[in-house]
Amino acid sequence: MDIIVLRTDATDEDIKHVVKKLESRGLRANVSHGTERTIIGVIGDTSKVTEEEEDAIRAVSGVENVVRILKPYKLASREFRKENTEISVRGVMVGGKKIPVMAGPCAVENKTVLTSIAEKVKAGGASFLRGGAFKPRTSPYAFQGLGEEGLKYLAEASARTGLPVVTEIMDPRDLEVIVKYSDIIQIGARNMQNFRLLLEVGSTQKPVLLKRGLSSTIKEWLMSAEYIMSRGNHQVMLCERGIRTFETATRNTLDLSAVPVLKQLTHLPVVVDPSHGVGKRDLVAPMAKAAVAAGADALLIEVHTNPEEAMSDGEQSLKPEQFERLMKELKPVAEAVGREM
Ligand code: PEP
Ligand code: MN
């Protein structure tokens, strides 16, 4: 017994009753109030709970089901939820038949450039505008992003184009302002195991794009998703963005096998970011197509109107016309695997 799913009409009294029952058996309860229903994660050595005890909990009023999960991640596991999770972001679905594309610059550089890129990606068929206002840079001397000013430009570009915004959080102290201006909170590769940050984001109800850590296994990545979900925020998307290997021909090695692996292990939507995966403009389109063929639910692609002058990741950013062409080329690939662009 690992998870207790409560009925939608369960009362506070019912919840208290279940928690007491668990505590009397030396276990602890993690009550998470999701948007649809309340779920109790059981913490402790659940292997000692007998079937009779499990049945006794199943019989408590307000309890819909008691689920045993063998994986270390519970809420994120396919065992917990058979159907694919679909996340609605201002009316755009992620995880459904249609494959939305999140596109935009690596960083928000200024209002004019951002507005122009936003209009171009919208015209090309993007469903979301991406752009970092808080940038995790290797060098402390490199451009660090515009901070709140950048978030305001994103919100303005969003209002102009109607595209919802994806932007990165690096520090829990920025949570309030990021929640205010964004539609999806991105957790970057470097912060995938920043557990305090994961918990903070988990305590909001904003959809989260959780990027894979530079050297993280799929299991570690799912455990990070579990941190977010354990706080009650179940709207998590996993984004493959390449991992560190011995190979130097590409910036990272885009692990596309992670897509079908994740589809087996979890019900969460899977996003692929070929831009950071390969690091080179010419390689983005073939890997974007391969990602769709492999079963990706969404793509994240860097686009810049003047990549040569971009303040970060220019080498891997598509020009708007290349983005537009790619969007057209993706259509038949999506159809071949029973999806839509
Ligand atoms: C980004 O999306 O611009 C970014 C910094 O990505 P990652 O965390 O995958 O390196
Ligand atoms: Mn980038």
Side-chain angles (χ1 to χ4, degrees), residues 101-109 113-114 117-118 121 126 128-140 142-147 150-151 153-154 164-171 174 178 182-194 197-198 201 207-216 218 220-221 224-225 228 236-245 250-256 258-259 270-281 283-284 287-288 291 296 298-319 323:
V101 177
M102 308 171 180
C106 178
V108 178
E109 299 173 0
V113 173
L114 181 72
I117 297 173
V121 297
F128 292 91
L129 174 64
R130 66 141 285 145
F134 296 93
K135 293 304 301 176
R137 303 304 302 278
T138 302
S139 166
F143 175 59
Q144 304 285 310
L146 297 179
L151 295 175
Y153 298 157
L154 279 168
V165 163
V166 187
T167 199
E168 180 166 353
I169 186 165
M170 291 192 358
D171 189 312
D174 303 320
I178 286 180
S182 73
D183 300 293
I184 299 178
I185 306 178
Q186 174 174 327
I187 301 222
R190 289 153 194 81
N191 274 311
M192 189 206 84
Q193 285 191 315
N194 182 338
L197 183 62
L198 298 175
V201 165
V208 180
L209 180 90
L210 178 64
K211 288 192 139 194
R212 181 177 186 176
L214 302 161
S215 317
S216 298
I218 290 174
E220 287 163 343
W221 188 11
S224 290
I228 300 170
V236 180
M237 314 165 198
L238 299 159
C239 178
E240 164 63 40
R241 47 77 71 207
I243 48 175
R244 284 265 167 105
T245 68
T250 45
R251 180 178 177 182
N252 291 293
T253 297
L254 186 67
D255 179 12
L256 283 184
V259 179
V270 180
V271 183
V272 172
D273 167 2
S275 306
H276 292 85
V278 296
K280 290 180 182 166
R281 190 174 309 128
L283 303 176
V284 172
M287 295 315 281
L299 296 173
L300 186 80
I301 296 178
E302 287 187 340
V303 178
H304 200 288
T305 41
N306 187 2
E308 289 80 16
E309 302 290 318
M311 294 172 95
S312 63
D313 288 350
E315 330 77 78
Q316 68 193 34
S317 299
L318 297 186
K319 295 177 184 166
F323 175 70

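Indexing begins at 1, ligand by ligand and atom by atom, following the structure's order.
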**Q** Which ligand 1 atoms does Glu302 reach within 4.0 Å, using its non-hydrogen atoms?
**A**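 The atoms of ligand 1 under 4.0 Å from a heavy atom of Glu302 are 3 (O).
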**Q** Just wondering, do Arg251 and Asp313 contact through their side chains at under 4.5 Å, heavy atoms?
**A**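 A side-chain contact exists here, since the closest heavy-atom pair is under 4.5 Å.
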**Q** For atom 6 (O) of ligand 1, grab the closest protein heavy atom and report residue, atom and distance to one decimal in Å.
**A**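 Ranking protein heavy atoms by distance from atom 6 (O) of ligand 1, first comes Lys211 NZ, 2.9 Å.
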**Q** Between OE2 of Glu302 and SG of Cys106, what angle is found at the Mn ion (ligand 2), rounded to 10 degrees?
**A**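 Nearest ten degrees: 100°.
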**Q** Could you tell me which non-hydrogen atom of Met287 sits nearest to which non-hydrogen atom of Pro274, and how far apart they are?
**A**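 Heavy atoms of Met287 and Pro274 come nearest at CB-CB, 4.0 Å.
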**Q** Please work out the angle at the Mn ion (ligand 2) defined by atom NE2 of His276 on one side and atom OD2 of Asp313 on the other, rounded to 10°.
**A**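 Nearest ten degrees: 90°.
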**Q** Give yes if a backbone or side-chain nitrogen or oxygen of Pro136 is under 3.5 Å from a nitrogen or oxygen of ligand 1, and no if not.
**A**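 No; every N/O pair is 3.5 Å or more apart.
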**Q** Just verifying a value: how many Å separate Leu129 CG and Ser182 OG, rounded to the nearest 0.5 Å?
**A**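 Interatomic distance, Leu129 CG to Ser182 OG, rounded to 0.5 Å: 11.5 Å.
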**Q** Looking only at protein heavy atoms, which one is nearest to atom 8 (O) of ligand 1, and what is the separation?
**A**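 Result: Ala189 N, 2.7 Å.
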**Q** Tell me, with the steps shown, if Phe134 and Leu151 meet side chain to side chain contact (heavy atoms under 4.5 Å, CB included).
**A** CA-CA 9 Å; Phe134 296 93; Leu151 295 175; 3.9 Å; yes
**Q** Does the N or O separation between Glu168 and ligand 1 drop below 3.5 Å for any pair?
**A**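 No, Glu168 has no N/O under 3.5 Å of an N/O on ligand 1.
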**Q** From atom 2 (O) of ligand 1, work out which of Met192, Met102, Arg130 has a heavy atom at the shortest distance.
**A**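 Closest candidate by heavy-atom distance is Arg130.
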**Q** Report yes if some heavy atom in the side chain of Leu254 is under 4.5 Å from a heavy atom in the side chain of Glu240; otherwise report no.
**A**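 In short, these two side chains touch, coming nearer than 4.5 Å.
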**Q** Would you say the side-chain atoms of Glu309 and His304 include a donor-acceptor pair closer than 3.5 Å?
**A**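 Judged by distance alone, the side chains do not pair up.
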**Q** What protein heavy atom sits nearest atom 9 (O) of ligand 1, and how far away is it?
**A**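 Nearest protein contact, heavy atoms only, for atom 9 (O) of ligand 1 is Arg241 NE, 2.6 Å.
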**Q** Taking only heavy atoms of Gly188 into account, list the atoms of ligand 1 that are under 4.0 Å away from them.
**A**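 So the answer, numbered in order with elements, is 8 (O).
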**Q** Considering both backbone and side-chain atoms of Gln186, is one of its nitrogen or oxygen atoms within less than 3.5 Å of a nitrogen or oxygen in ligand 1?
**A**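 For ligand 1, there is an N or O atom that lies under 3.5 Å from one belonging to Gln186.
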**Q** Counting only N and O atoms by type, is there a donor-acceptor contact under 3.5 Å from the side chain of Glu308 to the main-chain atoms of Ala310?
**A**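 Not a single qualifying donor-acceptor pair exists.
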**Q** Which atoms from ligand 1 have a heavy atom of Cys106 less than 4.0 Å away?
**A**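 Matching atoms, with element in brackets: 3 (O).
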**Q** Under a 4.0 Å threshold between the charged nitrogen and the carboxylate oxygen, would Arg130 count as salt-bridged to Glu168?
**A**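 Salt bridge flag = no for Arg130 with Glu168.
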**Q** Rounded to the nearest 0.5 Å, what separates atom CG in Leu214 from atom NZ in Lys211?
**A**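 Answer for the CG-NZ pair, Leu214 versus Lys211, is 10.0 Å.
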**Q** Need the ligand 1 atom indices (1-based, order shown) with element for anything under 4.0 Å from a heavy-atom of Lys135.
**A**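 By the 4.0 Å cutoff, the relevant atoms are 1 (C), 3 (O), 5 (C).
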**Q** Return the closest protein heavy atom for atom 4 (C) of ligand 1 as residue, atom name and distance.
**A**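 The closest one turns out to be His276 NE2, 3.5 Å.
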